[in-house]
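I have placed the structure first, in the form of structure tokens, so that the comments after it can refer back to it.
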There are 2 protein chains.
Amino acid sequence: MKSPAPPRKRNPGESRQRILDAAARHFGEAGFDGARVDVIARTARINKQLLYHYFGNKDALFTHVLERAYQQLREQESALNLDGLPADEAILALVNFTWKFYLSHPDFIRLLNSENQMQARHLKRSRRIAAINAQHLKIYRALIARGQREKTVRGDLDPLQLSINIASLGFFYLMNRHTLSTVFKSDLNSERMRRKRLAVMRDVIGRWIRADRK
Amino acid sequence: MKSPAPPRKRNPGESRQRILDAAARHFGEAGFDGARVDVIARTARINKQLLYHYFGNKDALFTHVLERAYQQLREQESALNLDGLPADEAILALVNFTWKFYLSHPDFIRLLNSENQMQARHLKRSRRIAAINAQHLKIYRALIARGQREKTVRGDLDPLQLSINIASLGFFYLMNRHTLSTVFKSDLNSERMRRKRLAVMRDVIGRWIRADRK
DNA sequence: GCGTATACTAACCAACCAGTTGGTTATAAC
DNA sequence: GTTATAACCAACTGGTTGGTTAGTATACGC
């Protein structure tokens, strides 16, 4: 015979947080369609209806999780102090930062992947997402401009393309490491291969952005 | 009152093909978890049991679809005749080929994405996948070796990293164009932006692979 | 110390969905 | 023609799942 669960102390802030944490993990592992609301509720150790009480439905919960993930990325990026570095080295520092963020937030790339499989249907309706990402391209643009004054960075770099290049070289490697490792029979997730990958990415970006020496 | 469907002419080859085509489209659109076996059967205009008759279950069907997609890619890649080109230009021709393949086979990247979300659980059990991809790295390796003899390509290129770089710059752009377009408010899927992307990718790879001029 | 908004819960439900049952019929081999 | 095999089908099943109902418990304003 099961004794009824003792009534829990109320703590709305923490309950909300626990739901978001559990949702980020489970949505990341399983993707939107593969994730189960019941699993999230159980992991967060709250009742399923509390989840619906706070977030309305599965889609809205996913949107919150995505927004929070982007916010973490952009806040950390904005907190970087790159003023002491020459612009070309600062850009390489962004390569390192982006790579390390992906490595330390494995849910982030998987969440984004799932969202892209759905053609960004959640982000498209988000009213917060533009503000969250507002600083990103400005940082890149400013660095490129400074590099041109310093003559360490070539004159025709597009900040959007630079940002996409830096993201893609790391994101694709980590997201697709499962199929790549299988197809090419080599463990891309080993410490050695990960270190090598970062070196390659820095080399690729470094050679692309630098002003040509005459 | 509905008249019973007239008995269909038997055509096992075509029925199988229609199932695979419908499955590739629907798995691509919706991902493995989002896809519905009933939808595939209806689109293929066959009975659901025929699908189970041929493929056993949803996972096995997905595996077949994936293998076929890889096979198409690798067959076309192997059919390329790059012998007439200097090695550095031949590598850039592979950049073009890869990009065009992704563009003309939108299901391919989406299928792979879904498979990676599931940590390659289908490919890991496939016995055909290694053979299908056997030529790929050999092509890259041979081109790098020739480029070194011709002195157009630098001496320390790793074929696996080169292949991953070429794949990632295009794959990430196309797969993530939905979130990227939303976040950065610019239509990455426009003809103009797609042309620009190919130019950037050729530039990035070109600068990375070439032997340094003294 | 009373009223009410909200944090929280158990039990429930209808739609959905992968896979099965239990067949019929076309085709090919002999 | 007879028989074996495989192509093909409609209807069903049982477990699952997003979301709901109907309520109790607690904190807080007054």
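Sequence lines set the chain letters: A, B, ... in the order given, protein chains first and strands last, and positions in each chain run from 1.
Side-chain contact between A:V37 and A:Y52 is present, with heavy atoms from C-beta onward closer than 4.5 Å.
In this structure, B:R121 is positioned above the aromatic face of B:F32, its NZ or CZ under 6.0 Å from the six-membered ring centre and within 45° of the axis.
Regarding contacts with the backbone of C:dT6, every side-chain N or O of A:Y54 stays at 4.0 angstrom or more from both OP1 and OP2. The side chain of A:S15 contributes no N or O atom lying less than 4.0 Å from OP1 or OP2 of C:dA7.
A:D203 and B:W208 form a side-chain donor-acceptor contact under 3.5 Å, judged by distance and modelled atom types alone. A:E67 and A:S126 are linked by a side-chain donor-acceptor pair at a separation below 3.5 angstrom, with hydrogens and angles left out of the test. For the residue pair A:Q135 and A:R74, no side-chain donor N or O sits within less than 3.5 Å of a side-chain acceptor on the partner. With 3.5 Å as the limit, one finds no donor-acceptor pair spanning the side chains of A:T43 and A:H26.
Put simply, CG on A:L51 is 10 Å from P on D:dG19, counting in whole angstrom units. Straight-line distance from the CZ atom of B:R16 to the C1' atom of D:dA7: 13 Å, rounded to whole Å. Distance B:R18 CZ to D:dA7 P: 14 Å, rounded to the nearest Å. In this structure, A:N57 places its CG atom 14 Å from C1' of D:dT17, rounding to the nearest Å. Rounded to an integer number of Å, the gap from CZ of A:F55 to P of D:dG18 is 16 Å. Atom pair B:K48:NZ and C:dC16:P shows a separation of 13 Å (rounding to whole Å applied). The NZ-P distance, from A:K58 to D:dG18, rounds to 4 Å in whole Å. Atom-to-atom, CG of B:L50 to P of D:dA10 comes out at 11 Å; the value is rounded to the nearest Å.
Side-chain atoms of B:R110 come within 3.5 Å of backbone N or O of B:E29 as a donor-acceptor pair.
None of B:L157, B:D158, B:I209 except one satisfies the side chain to side chain contact (heavy atoms under 4.5 Å, CB included) rule with B:I144; the exception is B:L157.
Of the candidate nucleotides C:dT9, D:dC8, D:dC9, D:dC9 has the atom lying nearest to any side-chain atom of B:N47. Of all nucleotides listed (C:dA18, D:dT20, D:dC9), D:dT20 comes nearest to the side chain of A:Y52. In this structure, the nucleotide among C:dG22, D:dT20, C:dA7 sitting nearest to the side chain of A:Q49 is D:dT20.
Within residues 110-124 of chain B, no residue has a heavy atom under 4.0 Å from DNA chain C. Contacts between residues 25-39 of chain B and DNA chain C, counted as heavy-atom distances below 4.0 Å, involve B:A35, B:R36, B:V37, B:D38.
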Candidate pair A:F172 and B:L169, rule side chain to side chain contact (heavy atoms under 4.5 Å, CB included), full reasoning = CA-CA 8 Å; A:F172 175 88; B:L169 292 170; over 6 Å; no

